[in-house]
Amino acid sequence: MRSETEIAMTDAATRSVGDVDAHRRVLVAAAYRMLGTVAEAEDAAQEAYVRWLRLSDAEREAIANPGGWLMRVTGRICLDVLGSARVRHETYVGEWLPEPVPASSETGDPADAVIGAESVSTALLLVLETLTPAERVAFVLHEVFAVPFAEIAEVLGRSAAACRQLAASARRHVGRRRGATVPRTRHDQVVAAFAAASATGSLEALVRVLAPDVVLVSDGGGVVSAARRPVRGADHVARFLLGLARKQPTAVYEPAVTGDGLGFAIRVDGVIAAAVAFATDGERVTDVWMMRNPHKLRAWV
């Protein structure tokens with residue numbers, strides 16, 4: 001028969017795990033916005049979990065807001081990862097894109113919070129990539145998750161006033177780089193017109209739905225074949241896409257809802273081969289983001 005002390009210790013451990021699990025989804029969601037891949041986001045949340053368990057019972061009991069503590073720790077972990085991200089991206093084979101996720105999922109996976117957030121677009125994540133690590137952490141924590149600047153100061157090791165300035169600078173930068181927002185309905189209409197033109201196999205038809213300065217970026221991660229450099233210009237992008245279609249005659253293009261709006265999951269013989277998201281100006285497609293790296297397609301399997 002267990003002693004009262006043993007029962008109390010077991011209960012404390014159970015509460016500890018429950019405290020973490022209750023916040024895990026939001027931790028993954030925050031880390032994904034800061035890091036750009038689900039795998040790294042899950043690793044960051046898991047590391048926060050490990051640090052929580054390393055605390056003594058007395059230390060855990062002294063924390064009035066476990067969720068806030070976990071968010072701050074996750075922010076610090078992401079800040080460290082972002083510090084080395086530029087070096088890793090420089091050694092990445094080919095072009096690097098953030099991991100795309102479907103806008104809805106019923107997998108039961110901890111990443112559902114990420115997958116279900118329609119506000120998480122490739123366009124936004126690419127803009128966040130242009131921020132400094134401190135700006136990105138401050139922006140995500142405050143603008144998206146409403147973390148007070150006093151708590152962000154603990155994450156960044158700066159004053160609350162300095163963190164406020166970082167977030168404001170990031171907000172202005174994001175506003176400038178994102179440009180005018182196209183209504184989702186109009187975006188989807190343009191992408192649908194693109195799909196229809198692609199289905200004809202006509203170069204002229206496809207060029208007409210592409211902006212003259214359209215850019216296509218394909219991320220294969222050195223694992224599968226992909227364009228090693230961005231493809232620029234309507235004619236070049238159209239020829240690239242039509243050539244890809246000819247190489248994969250059995251490919252099935254499934255409409256999918258992404259954070260950017262209507263996109264496509266490309267499957268070959270039932271296996272996910274790519275996920276494609278788009279940006280438009282309301283009239284034509286301005287950007288095509290094609291994820292082919294299988295390590296960044298697990299949410300689409």
Side-chain angles (χ1 to χ4, degrees), residues 2 5-89 91-92 98-99 101 105 107-117 120 125 128-129 132-142 144-158 163 221 295-296 298-299 301:
R2 294 187 301 168
T5 300
E6 289 174 325
I7 293 173
M9 291 177 64
T10 300
D11 288 346
T14 300
R15 288 197 304 273
S16 174
V17 173
D19 284 336
V20 173
D21 286 344
H23 299 286
R24 182 172 178 79
R25 289 163 62 88
V26 72
L27 296 179
V28 173
Y32 172 68
R33 288 162 172 80
M34 287 185 270
L35 302 177
T37 72
V38 175
E40 288 185 321
E42 290 179 329
D43 286 346
Q46 179 65 20
E47 176 61 22
Y49 168 82
V50 169
R51 295 185 188 185
W52 172 262
L53 290 181
R54 285 176 182 166
L55 298 176
S56 67
D57 289 343
E59 288 172 324
R60 281 193 291 269
E61 289 294 331
I63 297 173
N65 181 2
W69 186 92
L70 289 164
M71 181 64 82
R72 290 193 298 275
V73 171
T74 300
R76 284 195 291 270
I77 293 167
C78 291
L79 184 65
D80 291 339
V81 174
L82 287 170
S84 62
R86 293 188 187 280
V87 175
R88 289 185 290 112
H89 290 178
T91 60
Y92 194 81
E99 180 176 350
V101 291
S105 172
T107 64
D109 187 89
D112 281 355
V114 174
I115 296 171
V120 187
L125 291 175
L128 294 181
E129 280 291 312
T132 67
E135 285 177 330
R136 186 166 185 172
V137 171
F139 178 86
V140 171
L141 291 182
H142 183 71
V144 182
F145 294 92
V147 176
F149 286 117
E151 295 184 22
I152 297 175
E154 296 181 36
V155 176
L156 299 180
R158 307 188 186 196
C163 292
H295 300 310
K296 295 183 184 180
R298 62 192 185 114
V301 174

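Since we're looking at a predicted model, the values are computed, not measured. Hydrogens, waters and symmetry mates play no part in the numbers below; they use all other heavy atoms, side chains included.
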TODO: Might you work through the side chain to side chain contact (heavy atoms under 4.5 Å, CB included) test for E42 and V38, ending with a clear yes or no?
DONE: CA-CA 6 Å; E42 290 179 329; V38 175; 3.9 Å; yes
TODO: Take R76 and V137 through the side chain to side chain contact (heavy atoms under 4.5 Å, CB included) test and state the conclusion after the steps.
DONE: CA-CA 9 Å; R76 284 195 291 270; V137 171; over 6 Å; no
Task: Criterion side chain to side chain contact (heavy atoms under 4.5 Å, CB included) on V155 and V147, from CA distance to verdict - done: CA-CA 11 Å; V155 176; V147 176; over 6 Å; no
TODO: Walk me through it: do W69 and H23 pass the test side chain to side chain contact (heavy atoms under 4.5 Å, CB included)?
DONE: CA-CA 10 Å; W69 186 92; H23 299 286; over 6 Å; no
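For R33 (side chain) and V120 (main-chain N/O), no donor-acceptor pair under 3.5 Å exists by modelled atom type. In terms of modelled atom types and a separation under 3.5 Å, the side chain of Y32 and the main chain of E99 share a donor-acceptor contact. At distances below 3.5 Å, not a single donor-acceptor pair connects side-chain atoms of E151 with backbone N or O atoms of P148.
In terms of heavy-atom proximity, V101 sits nearest to A299 at CG1-CB, 4.3 Å.
The line from CG of L55 to CD1 of I63 is 5.0 Å long, rounded to the nearest 0.5 Å. Taking CD1 of I152 as the reference point, atom CZ of F139 lies at 11.5 Å (rounded to 0.5 Å). Distance check, rounded to the nearest 0.5 Å: CG of L128 to CD of E135 gives 10.5 Å. Atoms CG and OG1, from L79 and T74 in turn, are 12.5 Å apart once rounded to the nearest 0.5 Å. Rounding to the nearest 0.5 Å gives a distance of 4.5 Å between CG of L141 and CE of M34.
Atom CZ of R158 has 12 or fewer heavy atoms from other residues, nucleotides or ligands within 6.0 Å.
Side-chain contact between M71 and V26 is present, with heavy atoms from C-beta onward closer than 4.5 Å.
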